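Owing to the predicted nature of the structure, the values given are computational and were not obtained by experimental measurement. Chain A is the first sequence line, chain B the second, and so forth, proteins listed ahead of strands; every chain is numbered from 1.
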Amino acid sequence: MQQLEYFKAKKILDDYGIKNIESKYVNDAKDAQTFCGNDKIVLKAISEKALHKSKAGLVMLDISSGEVSKAYSELVKRAKKIKPYKIIAQKMSKKGIEIILGGRYDDQFGRLILIGLGGIYVETFKDFSLRVCPINAYDASEMLKQLKSINVITYNGKTTKLLENLLLKISKLLIDHPEIKELDLNPAIISENDYEIVDIRMLL
Amino acid sequence: MKNKFRDLEPMLKPKSVAIIGVSRDPNKVGNIIFQNYVNAGYSGKLYLVNKNAEEINGIKVYKSITEIKQSIDLVVIAIPAPFVPDVVEECGKAKAKSIVVVSGGFAEVGEVALQQKMVDIANKYNIPLLGPNCLGVMDPRSRIDTLFLPTYKISRSSIGGVSFVAQSGAVGSTILDLISGEGFGLSKFISYGNAAQVDEIDILNYLMHDDETKVVVMYLEGIKRGKEFIELAKTITKIKPVVVLKAGRTQAGASAAKSHTASLAGSYEAHEAVFRQFGFTIANDLSELLYYAKIFASEPMPKGPNISVITDGGGTGVLTADAIGSSQHMKLGTFSDEVAKKLRKLMPILVNIRNPLDLAGDADSKRYSDAILTLKDDKNIDMLVVIALFQTPGADSRLAAELIKIKQESEKPMIVISMGSQYTTMHKIMMESGGIPVYDSPSSAISSLSALYDYYEFKKGNNYI
């Protein structure tokens with residue numbers, strides 16, 4: 001399977017109104033500095049050779065304006081082993097709960113959609129729910145109810161509607177794009193009244 | 001819809017049956033099947049076929065099915081695998097309407113080509129073929145029984161509304177033996193082995209339309225036609241509950257998966273997702289399969305999740321309240337004021353009026369009856385769990401009889417928990433024959449009520465067409 005280039009994948013999310021964080025390829029520290037402005041940013045090295053970026057130390061978080069050039073050179077050093085690579089600069093997301101949204105093509109049943117407690121806890125807690133696409137509003141609501149971490153993820157119900165709508169959008173995306181064999185939106189950061197997808201992986 | 005599903009009616013309701021491979025030797029499969037037909041009292045036309053015999057037990061034996069020259073609804077084939085394709089060809093020529101191949105020695109031992117040859121012939125004549133390598137079918141109403149399991153080894157169930165489907169013959173025969181000890185009766189039993197032609201989709205479709213089947217219970221190893229399964233799943237649970245146990249939970253998943261999603265959501269998870277999405281009741285082992293079959297067989301739709309526990313043992317009452325507390329949807333109900341007042345008047349002073357209602361160790365059938373009859377009309381209570389510990393001085397056969405009487409009047413789900421040895425088992429059988437599901441632990445009782453509640457909630461809430 002081949003990974004779809006980040007900004008092509010981002011474009012697909014944009015087409016469905018699925019909010020994802022502002023991102024840009026940067027060629028050098030200066031580029032990154034300009035993108036940063038007065039905000040805090042994240043720098044990520046991406047390469048076919050490294051699938052789990054954070055485990056490989058290829059994600060640097062919470063970089064403020066004054067630290068950009070130092071962080072950039074450190075990342076370049078770490079990324080040597082995974083050449084060829086590109087560096088993406090992203091705005092730092094709001095604080096919130098990390099969830100995973102995803103999909104995969106199953107030979108038996110077709111397209112599956114997944115939501116779960118995300119980030120680095122995905123494999124530890126395995127708290128997720130799964131359905132076949134297309135899902136309807138009832139399924140979306142049941143998917144959330146099935147999660148043990150529902151109260152954490154939805155801020156005691158405050159973001160339930162938001163997440164249900166997000167699931168319906170992703171289901172539609174998966175149906176419309178049969179070429180996507182696997183999809184990881186991990187993490188998506190859920191705040192008390194909003195969400196933002198921070199990392200995108202689409203495998204063709 | 002034509003051709004999408006194979007018609008199993010001639011297989012389960014045959015007016016005439018031919019057994020191919022019937023033998024004089026009482027230990028041979030063919031002879032056991034024949035004996036079972038005789039024992040079951042099958043009243044249709046029975047033909048025996050064996051190349052090497054003239055008559056068995058005074059019944060004429062045909063050399064070939066083509067000699068019979070009569071309409072044959074079902075042919076049961078129990079001859080060595082290499083000879084089966086030719087016999088299927090003869091069945092086609094004889095215009096047989098359905099075939100069950102109990103013989104093994106096909107794809108399960110690597111004889112894939114032989115199996116395919118047989119299927120191709122059945123398809124050419126458009127005959128539904130069940131198996132090979134299966135136990136076949138049983139229907140206590142039409143009294144057909146293709147099982148090569150002697151009746152003295154496996155008790156046969158009474159007639160009822162539960163249909164069992166099992167791919168595996170071994171699991172199938174275990175289930176069959178176990179359910180004969182339960183109070184609910186059997187509608188159909190179908191073991192389909194290698195699923196060379198007739199598969200779980202055909203079977204589910206048949207059972208969905210079968211009015212005698214109130215509950216479908218399945219043991220599945222795999223699903224061959226995923227898309228068709230989903231289509232069928234969307235409809236069947238609107239009509240009747242389906243309880244499913246899927247083997248292969250711990251199968252090594254996609255360990256080398258490239259995405260988190262793929263590593264979390266393997267094949268078993270995909271099956272489970274489909275079951276859940278379309279309202280199947282998922283059992284985690286054979287015991288749960290039977291617990292859920294039992295609750296669906298007799299209990300009506302609960303109006304809500306609120307349970308009242310009536311007990312003659314305080315500790316067991318607390319354990320049951322704990323099981324309710326740790327269940328996702330079940331709730332311990334609060335008695336309405338009116339009912340609480342009524343109970344206060346009826347109960348001796350040592351009985352505290354609260355849920356669980358502990359009737360105390362000296363409770364007799366009268367005290368139980370007063371309590372349950374009052375609670376069954378409480379609008380705050382949706383389901384009744386009666387704990388009857390037959391070790392206590394007041395509990396005897398009169399209690400079991402009283403509970404059966406009350407059960408007949410109750411419009412709400414009502415089940416009994418009884419734990420114990422011989423004396424209890426005797427009463428358990430009595431109550432189950434009287435139509436009350438009896439459970440041997442608080443956890444199995446509450447998970448069964450929960451399965452019942454979840455199914456009807458699904459039925460109300462889902463909006464698949």
> Can a cation-pi geometry be assigned to A:Lys19 and A:Tyr195, taking NZ or CZ under 6.0 Å from the six-membered ring centre and within 45° of the ring axis?
Replying inline: yes
>> Measuring centre to centre across the rings, with the benzene-like ring taken for any Trp, is A:Tyr25 within less than 6.0 Å of A:Tyr85?
In response: no
>> Given heavy-atom pairs under 4.5 angstrom as the criterion, report whether the side chain, backbone, both or neither of A:Phe109 touches chain B.
In response: both
>> Out of B:Glu272, B:Arg276, B:His271, return the one with the most heavy atom pairs under 4.5 angstrom to chain A.
In response: B:Arg276
> Of the listed residues (A:Leu114, A:Asp107, A:Leu112), which shares the most heavy-atom pairs with chain B below a 4.5 Å separation?
Replying inline: A:Leu114
> What residues form a side chain to side chain contact (heavy atoms under 4.5 Å, CB included) with B:Asp285, not counting sequence neighbours?
Replying inline: B:Ser287, B:Glu288
>> At a 4.5 Å cut-off on heavy atoms, which part of B:Ile230 comes close to chain A: side chain, backbone, both, or neither?
In response: side chain
> Would one find more than 12 heavy atoms of other residues, nucleotides or ligands at under 6.0 Å from atom NZ of A:Lys161?
Replying inline: no
> According to the interplanar angle, ranging from 0 to 90°, do the rings of B:Tyr455 and B:Phe296 count as parallel (below 30°), tilted (30 to 60°) or perpendicular (above 60°)?
Replying inline: perpendicular
>> With a 3.5 Å distance limit and no angle check, can you tell me whether B:Ser448 reaches the backbone of B:Ile295 through a side-chain donor-acceptor pair?
In response: no
> What residues of residues 141-153 of chain A sit under 4.5 Å from chain B when only non-hydrogen atoms are counted?
Replying inline: A:Lys145, A:Gln146
> Do B:Lys331 side-chain atoms and B:Ile307 backbone N/O form a donor-acceptor pair below 3.5 Å?
Replying inline: no
> Side chain, backbone, both or neither: which part of A:Leu185 has a non-hydrogen atom closer than 4.5 Å to chain B?
Replying inline: neither
> If only atom types and distance count, is the side chain of B:Asn205 paired as donor or acceptor with the main-chain N or O of B:Met208 below 3.5 Å?
Replying inline: no
